[in-house]
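Below is one structure, written out as structure tokens; the observations come after it.
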Protein chains: 2
Amino acid sequence: MEKLDDRKKKILQLIIEDYISTAEPVGSRNLARKYNLNLSAATIRNEMSDLELLGYLEQPHTSAGRIPSVQAYRLYVDELREKPNNLTKSDIEMIMSSFNDRQKSIDDIFKATAKILSRMTKNVSMVLADQDDTAIFRYIKFLPLDEKHAILVLVTDNGHVDNVTIDIPKGMETRELDYLANRVSELLAGHPLSDINEEILEAVHTNVAEDKVLFASLLATIRRMGRTRSKQKVFLGGTKQLLNQPEFQDVDRVRGLLGILDEEHVVRDLLNAGEDSGLRVTIGSENKFTGIQDCSMVRATYRLNGHVVGTMAVLGPTRMEYSKVISVMNYLHRYLQSIFAAENLPMLVREEE
Amino acid sequence: MEKLDDRKKKILQLIIEDYISTAEPVGSRNLARKYNLNLSAATIRNEMSDLELLGYLEQPHTSAGRIPSVQAYRLYVDELREKPNNLTKSDIEMIMSSFNDRQKSIDDIFKATAKILSRMTKNVSMVLADQDDTAIFRYIKFLPLDEKHAILVLVTDNGHVDNVTIDIPKGMETRELDYLANRVSELLAGHPLSDINEEILEAVHTNVAEDKVLFASLLATIRRMGRTRSKQKVFLGGTKQLLNQPEFQDVDRVRGLLGILDEEHVVRDLLNAGEDSGLRVTIGSENKFTGIQDCSMVRATYRLNGHVVGTMAVLGPTRMEYSKVISVMNYLHRYLQSIFAAENLPMLVREEE
DNA sequence: GTTAGCACTCTTTTGTTTAGAGTGCTAACA
DNA sequence: TGTTAGCACTCTAAACAAAAGAGTGCTAAC
């Protein structure tokens, strides 16, 4: 691919930015008039013609202006766009006030992130919360409830608690329950929850010969807890923002995309795809997923102590305000990192819902 | 309002049903041809003219057919529609399979309800879960975590558990924590969580002179738990179903309605409005809320032991399959009642998320 | 290398016509 | 008196045609 000279770059940049803000194909005459380059429409026409030949511009039809190609957006994102594009004060205030509000559980933080992200970028946002499946079993304990019921709580190393109410088998005494809990705790302590599979549970079973029914339900519970814990949670924001985009004035198109976003597993796949190397922009057909190949996605992962805790993304038309989106995501990214770092895990308030 | 004779009723019913299924204004000629009444188009024309005069029909313009008025729908829902309209076997199977799937938390049940409701009625569904704010404080307890942290769990009469991780004040011993928990538990036991206000907490404070910092955070936690518990939760389903409705082919209209549904408090108000007397149909302008006055809503509350535990509703165009919607809601209603009755509260698996 | 000019293309807008559906009214019929 | 056929009339939606507007490519001149 040959290098573009500065003038071509400048013109291309203007075309892209004009198209991003108007959603209309941009023509030479208009471009010349609007931004006062000291060039005539004819000259620009020639340049545009070149840019089209080089694959940066496309023409919907002969008598329309031109629109940027995926290749053009790529160049724009990587090189042309003005990098800093700092957020305005009011933007930042908006973010802060949305977060500062009140005590938030970790889920609430993600939820708020999705909301802010969509509101500020005017696009669909997606946030994936990777449940911490490295949580390590610490102990279980029975809490008394009434004569017939008790609460089984499972405590993990990072201070998360899961609980279920169980039936106390007839004739079983508190002492026995406690003994059972101790034995099981001893046997399972130190195992990552995700590791507690049938095999290990079977081993525990043979080791602890106790009331069959209770024990079975106990194991089932522990298994369920492990499973639940490791599920990735998806938060979707601002799907209705789509309706404000000119490219989604067609109800059928909206339906198509919304149908896709409705499937949680698809969204999960979307967010999980590719390596999780910081901020990543995927433009139009660069995208592997059918159905969103006329969209762009900006994605970022956050980490805590090296491992991924979450992924956020903005999805919208290829004609997207990349600079703004990237700025917002960068800011949110830094902000969340700081929250996570500060509220280090055991201190996370885990609000039951 | 004068009574309609049988023939008028029959004709009105047919017009309504035809309009419901086609979304097109229905004309006399078509009506005569489609359903073989032994009447000519002209006769029907006369009857329709009468019905219009009586306020049951409206004409978008002179040369179009006629469409039912709110008054007509009202009559239809109250009297004209065929009552039993049982669900098909496949409908019921669909419902059962959606529920039977796997162990569900109470939230999951509501979530599934919203999903099923929207899928089967092809309209937006809303489910309001009234959190059980009659939950009664039973006791709190500290569970050890590490040297610096402990988990505070709060147990209520119905077996729900809330928890937070707290910092252990320097120098405080486990014994002291336990003592504190016991004292506080004694003082608060039996109070409904919703009742635990500043006053009571203050009383506890003066009664138990202990570590200031810990105590303050303890009280804050209890207060927060009470607050969280009493929040009503809203589950929305099938908002994208809107896009399939002919009346929502206009993106602006979709945006309008979606904007309203986006506001959780609006949805809450919608569902809370009016008395909670079983099943209730609100048609078009009967509705008090601006923005949905060209929609109809079918709403039902479920109760357990006399008090309301939840509300579900279907929202769609006035041209709605009332019979179908009502059947589905009735069925779901009965089904959920049975679930709630069976899984009586202490047995509800409360899945932490 | 840049630009003005011009013919040409294609879409969008606007206006006009036509076909179709439905109505209301009148007169005839059972 | 209720029902029906017939017909003139109204209005919309679809089809078609013409005009306007935007943009291009090319050529020739600067």
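Here is the naming used below: chain letters follow the sequence lines, and residue numbers restart at 1 for every chain.
In this structure, NE2 of B:H61 is placed 8 Å from C1' of C:dG22, rounded to the nearest angstrom. Look at CD on A:E58: it is 15 Å from P on D:dT24, rounded to the nearest Å. One atom, CG of A:L39, and another, C1' of C:dA4, lie 15 Å apart when rounded to the nearest Å. Nucleotide C:dA4 holds its P atom 12 Å from the CD1 atom of A:I44, rounded to whole Å. In this structure, the CG atom of B:D5 is 15 Å from the C1' atom of D:dT1, given to the nearest Å. The interatomic distance linking A:E47 (CD) with C:dG1 (P) rounds to 11 Å, in whole Å. Distance B:M48 CE to C:dG24 P: 9 Å, rounded to the nearest Å. Regarding B:E24, its CD atom lies at a distance of 15 Å from the P atom of D:dT12, rounded to whole Å.
Counting only N and O atoms by type, the side chains of B:Y56 and B:D50 include no donor and acceptor under 3.5 Å apart. Side-chain contact of A:Q241 with A:Q245: a donor-acceptor pair under 3.5 Å is absent, judged by distance alone.
Close to C:dG1, at under 4.0 Å from its OP1 or OP2, lies no side-chain N or O of A:R7. Taking side-chain N and O atoms only, A:S40 has a distance below 4.0 Å to OP1 or OP2 of C:dT3.
The listed nucleotides are C:dT2, D:dT24, D:dT12; the one nearest the side chain of A:T43 is C:dT2. Closest to the B:T62 side chain, of the nucleotides D:dG25, D:dT10, C:dT2, is D:dT10. For B:Q59, counting side-chain heavy atoms from C-beta on, the closest listed nucleotide (C:dT11, C:dG24, C:dG20) is C:dG24.
With B:M120 as reference, B:I116 is the one residue of B:I116, B:L117, B:N123 to meet the side-chain contact (heavy atoms from CB on, under 4.5 Å) rule. Among A:L315, A:V127, A:D262, A:V267, the one residue that satisfies the side-chain contact (heavy atoms from CB on, under 4.5 Å) test with A:L236 is A:V267.
Comment: A:E79 engages A:K9 in a salt bridge, judged by a side-chain N to carboxylate O separation of less than 4.0 angstrom. Between B:R66 and B:E58 there is no salt bridge, since no side-chain nitrogen of the basic residue lies less than 4.0 Å from a carboxylate oxygen of the acidic one. Between B:R74 and B:E286 there is a salt bridge, since at least one side-chain N of the basic residue sits less than 4.0 Å from a carboxylate O of the acidic one. The pair A:E247-A:R319 meets the salt-bridge criterion, with a side-chain N (NZ, NE, NH1 or NH2) lying under 4.0 Å from an Asp/Glu carboxylate O. Residues B:R268 and B:E264 are paired through a salt bridge, judged by an N-O separation under 4.0 Å between the basic side chain and the carboxylate.
Residues from residues 25-38 of chain B lying near DNA chain C, meaning a heavy-atom separation below 4.0 Å, are B:G27, B:S28, B:N30 in numerical order.
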Just the atom pairs and distances: protein N or O near nucleotides 25-29 of chain C's N or O, under 3.5 Å.
none

So what's the dot-bracket for DNA chain D: Watson-Crick or G-U pairs under 3.5 Å, [ ] if a pair crosses, | if it pairs off-strand? ||||||||||||||||||||||||||||||
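B:S49 places no side-chain N or O within donor-acceptor distance of the main-chain N or O of B:R45, the cut-off being under 3.5 Å.
Under a cut-off of 6.0 angstrom, the local environment of CD in A:E17 is crowded, with over 12 non-hydrogen atoms contributed by other residues, nucleotides or ligands.
A cation-pi arrangement is absent between B:R81 and B:Y76 under the rule of less than 6.0 angstrom and at most 45 degrees off the ring axis.
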